[in-house]
Amino acid sequence: MNKKYINFNSISKKYDDLQIFDNLSLEIEKSKYICIVGPSGCGKTTLLRLLAGLENIQSGNIEINGVNLNKISVIDRNISFAFQNYALYPHLTVFDNLAFPLKSKTRKQKYPNKESIAKEVNAISNLLEINDLLDRKVNMISGGQQQRTSLGRALITKPDILLLDEPLTHLDAKLRYSTRIELKKIQRLLNISVLHVTHDQQEALAVADHIIIFEKGKIIQQDTPLNLLYNPNHYLVDKIIGDPPSSILECKITDNKIQIFDTIIKFENTKRDSIKNVSEKFYVSLKSKNIVISETKKENSSVGEVYSYEVIGKEKQLIIKVGKFTLKHRTNINYNYKINQKIFITFETENLRFYYKKNGKFAFTI
Amino acid sequence: MPNIVFHNITKSYDGINDAVNNLNLNIKEGELITILGPSGCGKSSSLRMLAGLESITKGEISIDGTVINNVLAEDRNIAMVFENFALYPHLNVANNLSMPLIAKKLQKKEIAQKVNEIAKLLEISDQLKKKPNQLSGGQRQRVALARCLIKQSKIFLMDEPLGHLEAYLRLLLRTEIRRIHETEEATTVYITHDQEEAASLSDRIAVMNQGKLQQVDTLVNLLDKPHNKFVAQFIGNFPINLIKGFLLSENESYIFSVENTSSKLIIKENIKLKNTDLSNLTIGIRPEDFTIEDNITNQNTLKGEILNIELIGDKCLINLDSQLGNINILSNFSKEYKINDKIFFTPSFKFLKLFNSEGMNLNLNE
């Protein structure tokens, strides 16, 4: 069998009574930038910790290049981990922080003297453009520079796999943007495998070659960013991926009619065949472009109220309440909608996506 | 709805350096204005002078035409929300909310009624018996907002109110703040260092740097007509492309010759230049202001090679090694671009931003 680079084979992991993974299997390709996305508590950080060897697996195994990792110690895995909070040694200089992993007993043979260590430190600090900071203590440098130092320390051992746990969370917007370009550049330059854990779908879409979406210890979808954006196969993926996010709500389908709020949408009979069981319950995903709003009453429209709004880019994003549901709709920045104003909503049905309520999976589109 | 005027306001803590230097700002009634700038720019000092928490070194602040320099903080009828919430830890939510009303010597029954009303508005009715340390960050901030609202002041001052919250809560609460501002018919002064947050909820933004007001304007004007390079760089979700070069006048148009390259940009827009050194200029072009072309369509069409691509919602940000140097272009995802692809692009000079060596924008016709 032609196996992928990293294989998680039927792994299970439990913390006391909390089951994180139950029989999870996952294959990961070599030399790709992989993002693992999910809300907190979905198991994404645990997955990295299992791979790094910081946690034990209860059952199953992890293989890299066909080699079972279960019996291989943390230090022999050739995997580096950069943490959210940098975890630098505050009393050491940037140089000593970078050099630290090379001074371990197991690397004594490879880096026997100061010169051999200095050579590696210089190479990595040049790559990350922190070569001017080598003499500084890490508490004397900025957050972005600490980030780079932490990354440099992870890369200095020339790992095959780099694990990043929320690497951009503590950076401000501008720095987040430049750092993610940097991360992608380094991954490509060194041709290593990166597993980057984040709760931020926008960050994942921006950097990843491939995204794995987790929910409660299970993979709900994995694909390229573009495929996830245009062909989500689960309503949760539809809900979290994309900008602005979709609003997901339950809808009634009878014969060839769909009811969304008070609006009835008819669809063609040819589409009807793809809906096997109409008596089932469905979710519909409403994206900004599916929502048409008007200040005057239209036939077959639903009534909503402007709850609030915000400006994003050069557009205005309205928060609309229809009963207890919230819809988001982007409109021209110059439209002067007032809070609490009544508005009338109809729907643009092209590419409207529906999901089965029973399992959340994609059902059909009209 | 009150209006607020800062007239020639200067604040110096040590008598030597000015934290705020000659600030003139006219805040209109019912406006939500944000004072935006990096740390140390004087934004908090300005707000604290308005609140009466700092003395005014020079100048006058007036509310509805009345100078308030010598009015005590408690008599200014201003409600303030702080970054760290500043709740009383030993009091439950209901008692925290009651404080401003007890200070006003209201009857117990009336206080209880107002507390319940405001708790309902901010959806914290279930939390009234809890102490602040039993609440999540988002709930605590709602309590802080509620305590601000309960004073029934018509002026809200908010000093980085979302600074300590998790990302998703910041997004959620900024539309809540906009809603409260409008439904309470208040005049609000909001402080942040986060340009995206400022853009999302403000009617106008006052950009400060090193104690000086740089520009006060709507988001669109700050983006299109920045007064100087600082504003151009500080505002905008993606970094503006800055291209150095010199300008030659030719017939009806100008030619901008890009430094260290043979590239020339022809600028037909009407620009007024006087007494300026034309050899030391910088053109600012936002990533949004480029069109990607299939081939050379006009004199300003240039070529570049793709270094990186990021998906941003349904658009993509392309990093290019181009005839203008390293630039970023935001494009619709009309086709799938790949790294190392060569593409043509044309910059738009509809809102030409041309900065002199002091950083002033020369293309402002005011």
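Please read these numbers as outputs of a predicted model, since none were measured by experiment. The sequence lines fix the lettering, A, B, ..., with proteins before strands; numbering per chain opens at 1.
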### Query
Side chain, backbone, both or neither: which part of B:Leu307 has an atom under 4.5 Å from a heavy atom of chain A?
backbone
### Residues A:Arg180, B:Glu310: salt bridge by 4.0 Å N-O rule
yes
### Query
Within a strict 4.5 Å, meaning less than it, do heavy atoms of the A:Tyr177 and B:Asn328 side chains meet?
yes
### Query
More than 12 heavy atoms of other residues, nucleotides or ligands under 6.0 Å from NZ of A:Lys314: is that the case?
yes
#### Entry: Short side-chain to backbone donor-acceptor contact, B:Arg179 and A:Ile339, under 3.5 Å
no
### Query
chain A heavy atoms under 4.5 Å from B:Ile339: which part of the residue, side chain, backbone, both or neither?
side chain
### Task
For chain B, find which of A:Val207, A:Leu205, A:Val306 contributes the most heavy-atom pairs closer than 4.5 angstrom.
A:Leu205
### Task
Please indicate whether B:Met1 has more than 12 foreign heavy atoms, meaning atoms of other residues, nucleotides or ligands, lying under 6.0 Å from its CE.
yes
### Query
From A:Ile312 CD1 over to B:Leu219 CG, what is the distance, rounded to the nearest 0.5 angstrom?
11.5 Å
### Query
B:Asn308 versus A:Lys185: any side-chain heavy-atom pair under 4.5 Å?
no
### Query
In terms of heavy-atom proximity below 4.5 Å to chain B, should A:Leu226 be classed as side chain, backbone, both, or neither?
both
### Query
Heavy-atom distance under 4.5 Å to chain B: side chain of A:Leu229, backbone, both or neither?
side chain
### Query
Which value, rounded to the nearest 0.5 Å, describes the distance between B:Thr218 atom OG1 and A:Ile333 atom CD1?
7.5 Å
### Query
Quick one: are A:Asn340 and B:Thr183 in side-chain contact, heavy atoms under 4.5 Å?
yes
### Message
I'd like to know which of B:Leu171, B:Asp224, B:Asn237 tops the heavy-atom pair count under 4.5 Å against chain A.
### Response
B:Asp224
### Query
Contact part of B:Gln233 toward chain A, heavy-atom cut-off under 4.5 Å: side chain, backbone, both or neither?
backbone
### Query
Of the non-hydrogen atoms in B:Ala199 and A:Val311, which two are nearest, and what is the gap between them?
O-CB, 3.2 Å
### Message
A side-chain contact here means heavy atoms from C-beta on lying under 4.5 Å apart; do A:Tyr307 and B:Arg178 qualify?
### Response
no
### Query
So which of A:Ser308, A:Pro225, A:Gly313 has the biggest tally of heavy-atom pairs under 4.5 Å with chain B?
A:Ser308
### Task
Count the heavy atoms belonging to other residues, nucleotides or ligands that lie under 6.0 Å from OH of A:Tyr230, then report whether that count exceeds 12.
yes
### Query
Out of A:Gln317, A:Lys328, A:Glu310, which residue meets the side chain to side chain contact (heavy atoms under 4.5 Å, CB included) rule with B:Thr175?
A:Glu310
